[in-house]
A.B. asks: 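Quick one: this structure, given as structure tokens, is what I'll be asking you about.
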Amino acid sequence: MMTARAGLSDRSVSGQTPQVRWWMLMSMAALLLALDQGAKWLVAANLPLGDRIAVTGWFNLVHVLNPGASFSILADAGGWQRHALTAVGLVVSLVLAVLLWRGVRSRVETAAYVGLIGGALGNVVDRLRIGAVVDYLDLHWRDLHWPAFNLADIFIVGSAGLLVLASFGAGSGGRRGDSRQAGADHEHSNDNRADGSEAADQSGRWRP
């Protein structure tokens with residue numbers, strides 16, 4: 001009975017059921033998608049296509065359309081990449097959402113999956129809506145320009161970095177600690193039962 005009560009207490013403190021937690025994660029991905037689309041809308045509404053605003057000596061705000069993938073990869077592929085990249089973005093987002101439903105190993109991996117979903121869908125929406133991705137961030141050194149990118153690209157690259165960290169075990173210490181604590185509690189419970197059985201056996205044999 002004591003074990004069952006502890007389990008219910010942990011459940012109420014830790015928060016939500018897996019279904020509620022999954023919907024919260026999807027809401028976070030939707031927020032990232034909204035942030036990306038909002039930034040692109042502001043750029044498109046206030047900066048004509050092809051224009052540039054110099055912010056610093058190494059950073060410009062621009063308004064360009066990228067028919068390829070992040071950082072203009074496959075931009076000159078000929079048109080087929082629009083449909084291929086849209087399909088890849090949708091499939092990857094669906095797979096990651098299923099993995100989040102089933103549960104992943106660490107908080108870092110969870111954050112990475114959420115960021116990948118938000119970033120991938122941010123660029124998918126552009127391809128479905130206008131056939132290309134709106135890019136507006138331009139980093140450069142003198143006349144050397146890095147391919148323009150957007151907030152969705154930052155989410156994708158940042159999430160890839162988190163996955164690298166997760167592969168080295170980052171963010172999983174808490175879960176391993178919980179497992180060790182659960183094992184210690186189970187061993188302690190077994191010891192208590194053994195002590196109780198021994199006491200009962202002695203009481204049955206001893207007659208004052």
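Just so we're clear, the structure is a prediction, and the values are computed from it rather than from any experiment.
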A.B. asks: In the single-linkage hydrophobic clustering (I, L, V, M, F, W, Y; side-chain heavy atoms under 4.5 Å), do Leu139 and Leu137 co-cluster?
C.D. replies: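 Yes.
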A.B. asks: Looking at CZ of Arg127 and CG of Leu90, how far apart are the two atoms once the value is rounded to the nearest 0.5 Å?
C.D. replies: 10.0 Å
A.B. asks: Taking all heavy atoms of Leu47 and all of Leu61, pick out the closest pair and write down the distance.
C.D. replies: CD2-O, 3.8 Å
A.B. asks: For Leu151 and Tyr136, which heavy atoms make the closest approach, and how far apart are they?
C.D. replies: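 Shortest heavy-atom contact: N-OH, 3.1 Å.
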A.B. asks: Of the non-hydrogen atoms in Leu116 and Ser159, which two are nearest, and what is the gap between them?
C.D. replies: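 Minimum heavy-atom separation between Leu116 and Ser159: N-OG, 3.3 Å.
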A.B. asks: How far does CG of Leu100 sit from CE of Met28, to the nearest 0.5 angstrom?
C.D. replies: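 Leu100 CG to Met28 CE: 10.5 Å, rounded to 0.5 Å.
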A.B. asks: Is the closest basic N to carboxylate O distance between Asp138 and Arg52 below 4.0 Å?
C.D. replies: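 Salt bridge flag = no for Arg52 with Asp138.
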A.B. asks: Hey, quick one: are Val62 and Ile130 part of the same hydrophobic cluster, counting side-chain heavy atoms closer than 4.5 Å, chains of contacts allowed?
C.D. replies: no
A.B. asks: Indicate whether any N or O donor in one side chain lies under 3.5 Å from an N or O acceptor in the other, for Asn123 and Asp153.
C.D. replies: yes
A.B. asks: Flag yes if Leu121 and Trp23 sit in one hydrophobic cluster, no otherwise; membership is Ile, Leu, Val, Met, Phe, Trp, Tyr, and two members link when side-chain heavy atoms are under 4.5 Å apart.
C.D. replies: yes
A.B. asks: Once the angle between the rings of Trp22 and Trp101 is folded into 0 to 90°, is it parallel (under 30°), tilted (30 to 60°) or perpendicular (over 60°)?
C.D. replies: perpendicular
A.B. asks: Rounded to the nearest 0.5 Å, what separates atom CG in Leu94 from atom CD1 in Ile117?
C.D. replies: 9.0 Å
